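Working notes for the structure below.
The model shown is predicted, which means the values in this text are computed figures rather than measured ones.
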Amino acid sequence: MMKEIQLDFNDIKECPHSFVMAVNDTMNVLTGKWKLPIMATLIFGKKRFKEIEREIPRITPRMLSKELRELELNGIVKRTVHDSIPVSIEYEFTTSGRAIKHVLDAMVEWGLEHRQAVLNRH
């Protein structure tokens with residue numbers, strides 16, 4: 001039986017090994033070219049498959065399906081099948097998925113600042 005270890009966030013920030021492990025845990029869920037763009041579309045609420053596909057240029061239906069399945073397996077996205085004709089399927093964040101909004105907001109802010117800094121250098 002494996003004993004679960006609870007570490008305080010401040011303790012993790014003080015320990016390089018724990019910090020790297022926590023970053024790796026996060027990256028294991030988010031790794032892939034399309035996961036963050038998919039999550040970015042879901043920030044704005046529930047979406048059907050085709051809606052997500054339309055909002056992400058160049059993603060193939062096969063890749064979108066694969067990435068949504070992985071996000072669902074990792075507890076980030078919830079898939080709801082509505083018993084209608086035709087069948088309607090919606091995707092939305094779980095509680096854990098919604099918690100990543102502040103991370104995405106920080107990424108957008110950093111990305112805008114970085115782009116401006118790069119443009120100012122040239």
How many angstroms lie between [atom1] in [X] and [atom2] in [Y], if you round to the nearest 0.5 Å?
X	Y	atom1	atom2	value
I59	K66	CD1	NZ	9.5 Å
H82	R48	NE2	CZ	8.5 Å
T41	K46	OG1	NZ	14.5 Å
W34	I52	CH2	CD1	13.5 Å
K35	I38	NZ	CD1	7.5 Å

Closest heavy-atom contact between [X] and [Y]?
X	Y	answer
E67	G32	OE2-CA, 4.1 Å
M39	I100	CE-CG2, 3.3 Å
I76	S96	CD1-OG, 4.1 Å

Does one hydrophobic cluster hold both [X] and [Y], with members joined at side-chain heavy-atom distances below 4.5 Å?
X	Y	value
F44	I89	yes
V81	V77	yes
L112	V103	no

Taking the side chain as C-beta and beyond, is there a heavy-atom pair between [X] and [Y] under 4.5 Å?
X	Y	result
F49	L64	yes
N74	L30	no
E92	T80	yes
K47	E55	yes
L71	Y91	no
M107	L36	yes
V118	H114	yes

**Report entry** NZ/NE/NH1/NH2 to OD/OE distance under 4.0 Å, R69 and E72
**Finding:** no
Query raised in the report: Does any donor atom in the side chain of R62 or S65 lie under 3.5 Å from an acceptor atom in the other side chain?
Result: no
Query raised in the report: Is there a donor-acceptor contact under 3.5 Å from the side chain of T94 to the main chain of G75?
Result: yes
Query raised in the report: Is the count of non-hydrogen atoms from other residues, nucleotides or ligands lying under 6.0 Å from K78 atom NZ greater than 12?
Result: no
Query raised in the report: Within a radius of less than 6.0 Å around NE2 of H17, do more than 12 heavy atoms belonging to other residues, nucleotides or ligands occur?
Result: no
Requested in this report: Might you work through the salt bridge (charged side-chain N to carboxylate O under 4.0 Å, His left out) test for R54 and E51, ending with a clear yes or no?
Outcome: CA-CA 5 Å; R54 274 193 296 273; E51 291 174 304; 5.1 Å; no
